Every structure is written in structure tokens, then in C-alpha cells.
Amino acid sequence: MFNNRIKVKALLAGEPAGQQATVMGWVRTFRNNQFVALNDGSTNNNLQVVLELGKFDDTLLKRITTSAALKVTGTVVASQGKGQKLELKADTIEILGDSDAEKYPLQPKKHSLEFLREKAHLRFRTNTFGSVFRIRHSLAFAIHKFFNEKGFVYLHTPIITASDAEGAGEMFRVSTLPFDNPPRREDGTIDFSEDFFGRATNLTVSGQLEGELGATAFGEIYTFGPTFRAENSNTARHLAEFWMIEPEMAFCDLEDNANLAEEFIQYIIRYAMEHNADDLEFLRQRLLEEEKAKPQTERSELDLIQKLEFVVNNQFERITYTEAIDILLQSNHYKKKKFQYDVSWGIDMQSEHERYLVEKHFKKPVIVTNYPKDIKAFYMRQNEDGKTVAAMDILAPGIGEIVGGSQREERLERLEQRMTEMNIPHEELWWYLDTRRFGTVPHAGFGLGFERIVQFVTGMSNIRDVIAFPRTPKSAEF
RNA sequence: UCCUCCUUAGCUCAGUUGGUUAGAGCAUCUGACUGUUAAUCAGAGGGUCGUUGGUUCAAGUCCAACAGGGGGAGCCA
């Protein structure tokens with residue numbers, strides 16, 4: 001029986017009234033042969049367990065090492081020391097699991113994030129990762145809560161997909177054919193008709209196309225699942241395996257889409273602020289410490305919590321692509337030739353351009369709409385000007401593109417014409433085109449990279465530190 | 001994938017123009033102390049200097065390749 005335990009979070013929230021309590025957790029530090037800082041993952045705050053001198057065996061005390069698992073029963077009393085309101089005066093201590101101090105790699109001190117990345121199986125036991133992953137959980141939960149309250153259906157789109165039409169990037173092949181000697185056709189190409197699914201299949205790069213099938217029946221759906229890109233991207237904001245949220249709404253245009261995206265982002269951030277105040281406070285302090293090493297000019301004006309409050313309490317800026325280009329062209333930054341890449345209408349904005357708009361010009365999240373059709377996907381709705389499509393990107397300070405979405409082309413002829421222009425095989429997407437044949441309606445949706453919003457909320461600068469076990473090129477340990 | 005920087009003790013790092021036995025703080029271990037907050041004090045152990053090859057009388061130090069990692073860029077979410 002273990003369920004008589006009280007979690008540290010609950011215990012710390014109560015009053016020290018001399019009541020009995022049993023806690024279980026892992027030792028963070030053992031000071032003075034007398035004070036155990038015990039953490040059970042329910043909160044960043046440790047419980048101070050006090051061991052009366054002489055009350056416990058030396059052999060037991062020797063086994064209270066960093067990260068040993070303990071069961072402690074004792075009396076909850078007001079703390080005599082500073083730093084905590086209450087503490088647990090131990091009556092009995094049971095070592096549930098020993099931890100060899102000479103071999104345990106984490107010390108009660110500050111470790112670099114790079115080092116902890118190589119100890120990803122243990123990094124949850126640190127304050128930073130404890131906070132990050134509790135916040136990650138809250139955001140995931142808030143996402144389901146938000147859509148559920150709005151009547152969206154949670155649709156599970158396939159992980160294995162046969163369509164390569166989305167063009168969202170390089171894909172991971174899924175196959176049971178032998179690598180060393182795959183069956184070949186007469187022309188030497190691999191014969192996938194003999195593969196498991198009878199055709200070439202890959203891991204999904206997006207659930208959007210299937211999402212549209214759901215939206216044109218349920219009205220409003222969302223997906224929230226793993227997504228895979230085999231791009232050789234080595235950056236602080238890319239993963240080969242990441243989680244994406246893709247809502248898709250029928251009877252919805254670009255403006256409705258932008259409104260929903262903004263409301264959604266504010267909702268989930270607000271949820272984390274309400275439910276993870278301690279974790280955010282810890283991360284706020286952590287970032288302040290980190291910024292002390294930087295020159296004053298590079299430090300951020302707002303701390304983490306101020307930044308989140310600002311985002312939650314202010315409307316996102318909304319501009320068209322054309323306006324964005326004008327702002328860039330008229331900026332002093334451009335006139336002084338400080339952009340590495342040139343600016344003109346029709347370019348796919350580089351991250352330096354996006355960063356200028358978001359971090360220098362507006363200093364808040366920006367929704368950019370109506371991009372040139374030539375730099376966007378085939379399924380986006382063509383605007384009447386013949387040049388742009390009803391696309392929408394949300395750019396966030398410090399992260400870049402956090403949301404990419406659009407109103408979809410619901411007119412069959414326009415969609416087919418665009419697919420032809422972009423060399424997208426019609427026959428492969430017959431099922432997608434059927435939505436436009438049978439009761440087509442204006443609809444829209446977007447994709448939000450989950451890890452990027454977790455980065456934004458936690459202030460972690462590397463995406464590998466907001467997913468438990470990151471998959472990146474040349475790296476799939478754990 | 002491109003540019004750039006890094007790799008020395010368990011961790012964070014120092015190591016001079018190439019020169020004998022490679023250092024510090026923390027951690028660990030031993031002891032002391034005991035209301036501590038990354039406890040403190042004293043002592044001890046701990047190293048194939050990322051790997052391979054080269055230059056040299058002599059390489060942690062110079063050169064090359066490879067591996068891993070950081071930062072920036074591209075691709076994107």
C-alpha cells in the first residue's frame with residue numbers, strides 16, 4: 001500500500017498543525033546529517049525533512065544520498081529555520097531505493113543544459129526540467145480543454161501515410177522490405193507493391209488533409225499528435241519528431257481563423273500561468289540569472305512572466321504580407337543595409353526579417369496574412385487579386401513562426417488548377433478532392449508546433465530542452 | 001547541409017612563445033561540527049588532455065581527417 005502518501009505540493013499548501021503525514025520522494029540534498037530536501041515531482045518546492053540528532057542509525061544516514069528514494073512518516077510542524085513555512089519531523093524513514101553517490105551523475109549544483117541533454121533519462125529530477133515538463137503537461141491539457149469547451153472533435157489522423165502531396169518536407173520511409181535486397185521492378189526501382197501496405201508509405205508530416213475530411217463532417221475538429229520531418233535541420237527550433245496541434249473549421253474564413261488562433265494561444269498561456277505559478281517563477285529567476293551574463297543591450301526588457309502577461313492581455317498585431325514588406329522597406333534597418341537578405345514583394349521572408357517585425361518593430365506577436373501564392377502551399381485559398389492566398393502565419397518574439405495556417409481553397413476548379421500548376425498528382429488525392437465535390441464549404445485551419453509554444457512559455461531557448469527525448473539528426477538516444 | 005567556435009578529473013573551467021611530475025572550484029570518500037538552505041571546516045583519492053594520423057629531439061599546446069556538442073544560417077512548426 002503506497003496510497004496513504006500525501007504529495008509534497010499538497011502538504012506544503014496546508015498548515016503545520018502537528019498532524020501525521022507520510023511522504024515519498026527523492027533526495028535532492030542532505031545537509032548537516034539533519035536536513036533532507038525531498039522532492040516528489042508534484043512541485044518544484046522541496047519538503048524539508050528534519051532528522052533529530054541521534055534518533056537514526058548511522059547506517060541509515062549513510063544511505064540518504066542524492067536521488068535516493070525515501071518513504072518518510074512524521075509530524076508536520078512549523079519550520080524553525082528560514083526558507084520554508086513548514087517541515088516534516090521524521091519518525092520513521094524507509095529507504096525505498098538506494099542511489100550510489102559516487103555514480104549518480106547529477107549534483108546539487110547548476111549543470112549546463114547541454115550536459116543534462118546527455119542525461120535526458122535523469123534530467124526530470126532537476127528544478128529546471130521539473131518546471132518545464134509540468135508546464136508542458138499543463139499546456140497539453142489546456143489545449144484539450146480549450147477545444148473541448150468549444151465543441152471541437154479530437155480526431156486521430158494517421159501516423160503512417162501514403163500521400164506525399166503535402167510538400168511539408170522530407171519524410172521518413174516506413175517499410176518492412178529488406179534493406180540489403182529489396183524487390184525491384186524491371187527498371188531497377190524498388191517495387192513497393194511488395195511492401196507491407198502494398199505501396200510506399202511514410203511517417204506523417206501533417207494531419208491537415210485528413211483533418212479537413214473531419215471538419216467537413218463534424219464542423220470543427222483538431223488533431224494533436226506526433227509529426228515527423230526528415231529534414232537535416234540542426235537548429236534550436238527544429239526536431240525530427242515533434243507534436244503538432246491542427247484545428248480545422250468548416251464555415252470559417254481567414255479572419256475567423258486568426259481570431260481562433262489568438263484566443264487559443266492566450267487561453268493556454270493563461271492556463272499555465274494560473275496552474276504553474278511556482279514553475280514559471282523559478283524559470284523567470286533562472287532566465288534573469290542567465291541574462292546577467294549578457295551585455296545590457298541584449299537583455300530583454302520584460303522578464304518571462306511580464307512577457308506572458310503582455311501576450312495574454314494585448315491583441316496580436318495584424319498586418320498583411322504586403323504591409324509587412326512595406327514596413328521592412330521603410331525601416332532604418334533596411335536603409336542602413338543591415339539585412340543580409342534583400343527585401344522585395346514576393347520574397348519568402350527570412351528569419352532576420354520576421355525577427356525585425358516582431359522583436360524590433362511591433363514587440364509583440366504578429367499575425368501576417370495574405371502571402372504571395374508562389375511561396376505557399378497548393379491548398380490555400382486564392383484571393384481575388386490573383387497574386388496572394390489567404391494564408392496566415394503567427395510570429396512570436398524569440399521563436400519565430402509559431403503558427404502557420406490558411407483558409408483552404410474550397411472551389412474544386414481553382415484547387416485542381418493550382419495542383420496542376422504545382423505538379424501535385426490529382427489521382428493520389430482523390431479522397432481530398434471529394435470534399436470539394438460533395439458539399440464543399442469555406443473552411444480554414446492552422447498548425448501550431450507544440451514544442452515552440454512550450455519554448456515560448458518556459459523561455460527555454462533550445463527546443464531539445466522542452467521535449468522529453470529529442471530526436472534530431474544523428475541523435476536518438478533514450 | 002553551410003559558416004563558425006568548442007572538446008583537459010564526475011561537473012564547470014584554467015593551462016604562457018611547444019619543454020621535466022597537467023592545476024583550481026564544486027562533487028565523491030574519510031574525519032570534525034550540528035537549525036542547515038547548492039551548509040561549513042580539514043584531509044584524501046580521482047586524468048590514455050574526444051578519436052586516429054602527422055610535424056618535431058619533445059605535443060594538452062602546431063597541422064589534417066573523423067566523431068560529438070554549442071552558436072548562427074537554410075528548410076519549417
Side-chain angles (χ1 to χ4, degrees), chain A residues 28-38 45-54 58 61-62 65-66 77-84 87 89 99-119 126-127 166-170 204-208 224-246 261 340-341 348-355 375-377 393-396 399-405 446-456 461-467 472-475 477:
Chain A
R28 284 288 172 81
T29 62
F30 184 27
R31 290 184 292 268
N32 230 348
N33 256 0
Q34 206 181 165
F35 302 98
V36 177
L38 195 74
N45 301 311
N46 301 325
L47 174 68
Q48 172 150 290
V49 176
V50 183
L51 284 61
E52 214 175 291
L53 282 170
D58 270 2
L61 296 181
K62 286 258 180 262
T65 54
T66 304
V77 297
S79 178
Q80 294 175 35
K82 291 168 189 168
Q84 60 278 318
E87 59 196 23
K89 221 172 131 189
S99 172
D100 185 339
E102 286 198 70
K103 290 180 184 152
Y104 184 68
L106 304 186
Q107 299 153 27
K109 72 165 206 175
K110 194 165 180 171
H111 284 294
S112 69
L113 295 172
E114 293 80 23
F115 171 72
L116 292 170
R117 224 169 276 153
E118 291 170 14
K119 305 279 179 288
T126 64
N127 286 328
E166 233 252 307
E170 289 296 308
T204 182
V205 292
S206 165
Q208 183 202 315
F224 185 0
T227 310
F228 307 87
R229 305 272 166 93
E231 300 286 350
N232 192 7
S233 295
N234 293 288
T235 77
R237 56 190 182 282
H238 287 90
L239 292 164
E241 176 183 292
F242 62 101
W243 289 67
M244 188 153 66
I245 298 103
E246 294 180 289
Q340 195 190 334
Y341 294 86
D348 203 353
M349 278 189 278
Q350 303 293 315
S351 40
E352 60 172 349
H353 303 139
E354 296 181 345
R355 217 180 299 137
I375 59 171
K376 288 293 182 183
D393 282 1
I394 300 184
L395 312 175
I399 310 286
E401 185 179 340
I402 201 161
V403 161
F446 60 86
L448 175 132
F450 184 53
E451 281 75 17
R452 290 198 180 163
I453 194 80
V454 180
Q455 272 189 279
F456 184 74
S461 54
N462 195 313
I463 199 165
R464 298 164 197 207
D465 297 328
V466 299
I467 188 164
T472 54
K474 300 269 155 43
S475 173
E477 189 76 55

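Letters go in sequence order (proteins before strands), and every chain restarts at 1. Note that this is a predicted model, so its numbers are computed, not measured.
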Q. Taking only N and O in the side chain of A:T29, is any of them less than 4.0 Å away from OP1 or OP2 of B:A39?
A. yes

Q. Of all the choices, B:U37, B:G74, B:G70, which nucleotide is nearest to the side chain of A:R237 once you look at every atom?
A. B:G74

Q | Given B:U36, B:C76, B:C29, the nucleotide with the shortest approach to the side chain of A:E87 | A | B:U36

Q) Would you say B:U36 has OP1 or OP2 under 4.0 Å from some side-chain N or O of A:R31? A) no

Q. Any idea which of B:G69, B:U36, B:G31 is nearest the A:S79 side chain?
A. B:U36

(Q) Once ring-ring contact (aromatic ring centres under 6.0 Å, His included) is applied, do any residues pair with A:F242, and if so which ones, sequence neighbours excluded? (A) none

Q) With respect to the side chain of A:Y341, which nucleotide from B:G70, B:C11, B:G74 is positioned closest? A) B:G74

Q | Closest nucleotide among B:U1, B:U36, B:G70 to the A:N462 side chain | A | B:G70

Q: Could you check whether A:Q107 gets within reach of a base, just the sugar-phosphate, or nothing at all, counting any heavy atom under 4.0 Å?
A: base

Q) What does A:Q455 touch in the nucleic acid at a heavy-atom separation under 4.0 angstrom: a base, only the sugar-phosphate, or nothing? A) nothing

Q: Could you tell me whether A:L239 contacts a base, only the sugar-phosphate backbone, or nothing, with contacts defined as non-hydrogen atoms closer than 4.0 Å?
A: base

Q. Do A:E231 and B:U1 share a donor-acceptor pair, side chain to base, under 3.5 Å?
A. no

(Q) Does A:E451 reach a base, just sugar-phosphate, or nothing at all? Heavy atoms under 4.0 Å. (A) nothing

**Q.** Touch class at under 4.0 angstrom, heavy-atom based, for A:Q84 against every strand present
**A.** base

Q. Which nucleotide in the list B:C75, B:G68, B:G35 gets nearest to the side chain of A:T235?
A. B:C75

Q.
Below the 4.0 Å mark, does B:G74 have OP1 or OP2 next to a side-chain nitrogen or oxygen of A:N234?
A. no

Q.
Please determine whether a side-chain nitrogen of the Lys or Arg among A:K376 and A:D348 lies less than 4.0 Å from a carboxylate oxygen of the Asp or Glu.
A. no

Q. Is A:F446 touching bases, backbone alone, or none of the nucleic acid, heavy atoms closer than 4.0 Å?
A. nothing

Q: Answer with base, sugar-phosphate or nothing: what part of the nucleic acid does A:F115 contact at a heavy-atom distance below 4.0 Å?
A: sugar-phosphate

Q | B:U37 OP1/OP2 closer than 4.0 Å to side-chain N/O of A:R28 | A | no

Q) Which part of the nucleic acid does A:R117 contact within heavy-atom distance under 4.0 Å: base, sugar-phosphate only, or nothing? A) sugar-phosphate

